[in-house]
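What follows is a set of notes on a single structure, which appears directly below.
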Protein chains: 2
Amino acid sequence: MPKGTDATTTRESATRARTRRAILDAAVTLLSTDPAASLGDVAEAAGVGRTTVHRYFPERSDLIAAIGADITERVEVATNRARLDDGPAPEALERLCQEYFELGDRLMLLYDVPQFAEWSGFEQETPADRAILALLRRGQEQGTLDPHTDTGWMQEVLWALLYAAWLRTRDHGTPRHAALTQCLRTLAKATAS
Amino acid sequence: MPKGTDATTTRESATRARTRRAILDAAVTLLSTDPAASLGDVAEAAGVGRTTVHRYFPERSDLIAAIGADITERVEVATNRARLDDGPAPEALERLCQEYFELGDRLMLLYDVPQFAEWSGFEQETPADRAILALLRRGQEQGTLDPHTDTGWMQEVLWALLYAAWLRTRDHGTPRHAALTQCLRTLAKATAS
DNA sequence: TCTTTTTGGAACAACGGTGTTCCCTTGTGG
DNA sequence: CCACAAGGGAACACCGTTGTTCCAAAAAGA
């Protein structure tokens with residue numbers, strides 16, 4: 001995919017774009033509960049023939065990579081929307097957490113299956129990572145975030161709490177808003193100065 | 001394994017016991033990084049023939065179940081060692097965290113691969129779970145733990161932070177003691193009243 | 001409507017993992 | 001030292017997944 005993210009680039013027909021999305025979304029949902037699901041399962045979940053899946057993603061690794069790329073992009077978008085440079089650091093962190101929480105299943109994949117991260121260059125520091133670390137440092141300098149906690153660790157905690165919150169909505173039927181509220185509260189306490 | 005955990009029950013020769021352990025340990029280490037590793041890989045990692053693996057664990061599911069049972073038992077032992085009923089709740093929680101941290105790779109398996117939990121009855125409330133919840137409630141009643149945080153969520157946070165700490169030692173080369181210290185500090189802040 | 005995309009399904013070969021059997025070698029313990 | 005327990009390795013059939021090809025049906029779009 002060498003083309004930019006320009007909206008009107010004549011890449012593929014609207015029909016094809018929709019099928020691609022269907023497959024991608026179904027794959028995310030399915031693989032987030034069973035990372036070893038077969039392509040046949042993915043096809044069925046997407047309401048599509050197995051042949052069609054292969055038409056869009058010749059090999060399994062292509063599908064994996066596409067999912068990785070998709071998630072990476074969504075993470076970037078979510079990060080931008082949180083406007084990390086604005087206002088007090090704790091509030092920016094809360095906005096970020098809310099945005100990430102919206103990513104749902106996708107988060108779990110990134111955390112669960114290292115493959116997705118590896119196959120899409122997510123392993124190294126992404127712009128999002130850098131932005132978060134910058135935010136955390138800013139908070140420490142301004143005295144609103146705990147200066148005695150390593151920023152890298154703080155970031156890890158952010159992801160871990162998000163993951164835990166999602167686990168609860170998935171396996172315990174906890175309502176999304178309740179899980180998110182708990183998550184935000186705990187994160188705030190853990191990072192407070 | 002119908003026999004009890006009595007130490008001197010003549011179950012199998014010392015040799016067989018050692019081989020079983022070798023396979024079990026190798027499997028834990030290997031599967032914690034790649035849950036889809038083949039039995040051949042496990043055998044190789046254990047320094048043992050593939051045939052031998054089948055001799056001890058006829059089917060793959062038998063190996064999985066054995067790992068699950070092994071971990072469950074270790075969790076129970078660790079929980080008992082932490083003596084959750086003694087002293088202030090926050091300190092008991094810290095002891096528990098330290099004990100669990102010692103379980104290493106095994107923790108990640110329990111978290112990563114739901115199968116291990118399912119195939120060994122870990123899904124439902126274990127004695128360890130009940131003991132932890134009791135501890136958390138005790139802390140809340142005595143005013144040493146945050147009464148506004150759901151105990152179930154606190155427990156989830158405990159596991160999530162442990163997992164995050166182990167991730168850092170595994171992938172970032174953070175020394176174990178450093179990771180544990182960060183983990184304890186964050187957990188204390190997150191659960192403090 | 002008619003043409004062009006797009007899809008579904010069948011059939012196929014290849015591959016890797018699994019579970020089993022058999023036999024020979026190693027070594028543990030009496 | 002010897003018998004018996006234990007492990008290694010080769011060979012085998014079986015199965016599910018993968019990736020491919022081909023053709024007919026369905027759906028878009030002009």
Side-chain angles (χ1 to χ4, degrees), chain A residues 1 3 8-68 109 112-113 115-116 118-119, chain B residues 1 3 8-68 109 112-113 115-116 118-119:
Chain A
M1 306 176 193
K3 293 295 179 59
T8 52
T9 24
T10 34
R11 290 246 303 94
E12 59 182 3
S13 82
T15 310
R16 285 187 68 84
R18 257 177 292 126
T19 344
R20 158 169 269 115
R21 271 255 64 83
I23 297 176
L24 233 37
D25 289 343
V28 167
T29 304
L30 195 57
L31 295 180
S32 69
T33 65
D34 176 17
S38 77
L39 293 186
D41 296 336
V42 173
E44 191 185 8
V48 129
R50 194 170 68 91
T51 318
T52 305
V53 172
H54 271 106
R55 235 188 291 274
Y56 286 82
F57 309 99
E59 299 193 0
R60 183 177 237 271
S61 62
D62 293 323
L63 177 58
I64 303 298
I67 293 178
L109 270 185
D112 278 340
V113 192
Q115 279 191 318
F116 292 100
E118 289 168 17
W119 281 95
Chain B
M1 306 179 196
K3 293 297 178 60
T8 51
T9 23
T10 34
R11 290 247 302 97
E12 58 181 5
S13 83
T15 310
R16 284 186 67 87
R18 256 178 291 127
T19 327
R20 158 168 271 117
R21 272 254 67 81
I23 297 176
L24 233 36
D25 290 343
V28 166
T29 305
L30 195 57
L31 295 180
S32 69
T33 65
D34 177 17
S38 78
L39 293 185
D41 295 336
V42 172
E44 191 184 8
V48 127
R50 192 171 70 90
T51 318
T52 305
V53 173
H54 276 298
R55 236 190 289 275
Y56 285 82
F57 309 98
E59 299 193 359
R60 183 178 238 270
S61 61
D62 293 323
L63 177 58
I64 303 298
I67 293 178
L109 269 186
D112 278 341
V113 191
Q115 279 191 317
F116 293 100
E118 289 167 18
W119 281 97

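A, B, ... follow the sequence lines: proteins, then strands. Residue 1 opens every chain.
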Candidate nucleotides D/dG8, C/dT18, C/dT28, ranked by approach to the side chain of B/Ser38 - the nearest:
C/dT18
It should be established whether B/Ser13 places a side-chain nitrogen or oxygen under 4.0 Å from OP1 or OP2 of nucleotide D/dA6.
yes
Calculate the interatomic distance between B/Phe57 atom CZ and C/dT18 atom P; express it in whole Å.
15 Å
To the nearest 0.5 angstrom, please state how far the CZ atom of B/Arg55 sits from the CZ atom of B/Arg50.
12.0 Å
Find the distance A/Arg50:CZ to C/dG9:C1' and express it as a whole number of Å.
10 Å
D/dG19 C1' sits how many Å from A/Arg60 CZ, rounded?
13 Å
Quick one: is D/dG7 close enough that its OP1 or OP2 comes under 4.0 Å of any side-chain N or O from B/Thr19?
yes
Which nucleotide sits closest to the side chain of A/Leu39: D/dA28, D/dT18, D/dG7?
D/dT18
If I take atom NE2 in residue A/His54 and atom C1' in nucleotide C/dA13, what distance separates them, rounded to the nearest angstrom?
14 Å
B/Ala14 vs B/Pro58, nearer the 5' end of DNA chain C by closest nucleotide
B/Pro58
Rounded distance in Å - CD1 (A/Ile23) to P (C/dT6)
13 Å
Got a second to check how far B/Leu109's CG is from B/Thr33's OG1, nearest 0.5 Å?
9.0 Å
Contact under 4.0 Å: B/Tyr56 side-chain N or O vs D/dA6 OP1/OP2
no
Write down the distance between CD (B/Glu59) and C1' (C/dG17), rounded to a whole number of angstrom.
14 Å
Rounded distance [0.5 Å steps], CZ in A/Arg18 versus CD in A/Glu12
11.0 Å
Figure out the CG/P separation between A/Leu31 and D/dT17, and round it to whole Å.
14 Å
Take atom CD of A/Glu12 and atom P of D/dA28, then tell me their distance rounded to the nearest Å.
16 Å
Is B/Arg55 side chain donor-acceptor paired with the C/dG19 base, going by distance under 3.5 Å alone?
no
Determine whether any donor atom in the side chain of B/Thr51 lies under 3.5 Å from an acceptor atom in the base of D/dG9, or the reverse, and answer yes or no.
yes
Nearest 0.5 angstrom please: B/Leu24 CG to B/Thr29 OG1, how far?
10.5 Å
Measure distances between side-chain N and O atoms of B/Arg16 and base N and O atoms of D/dG7, and say whether any donor-acceptor pair falls under 3.5 Å.
no
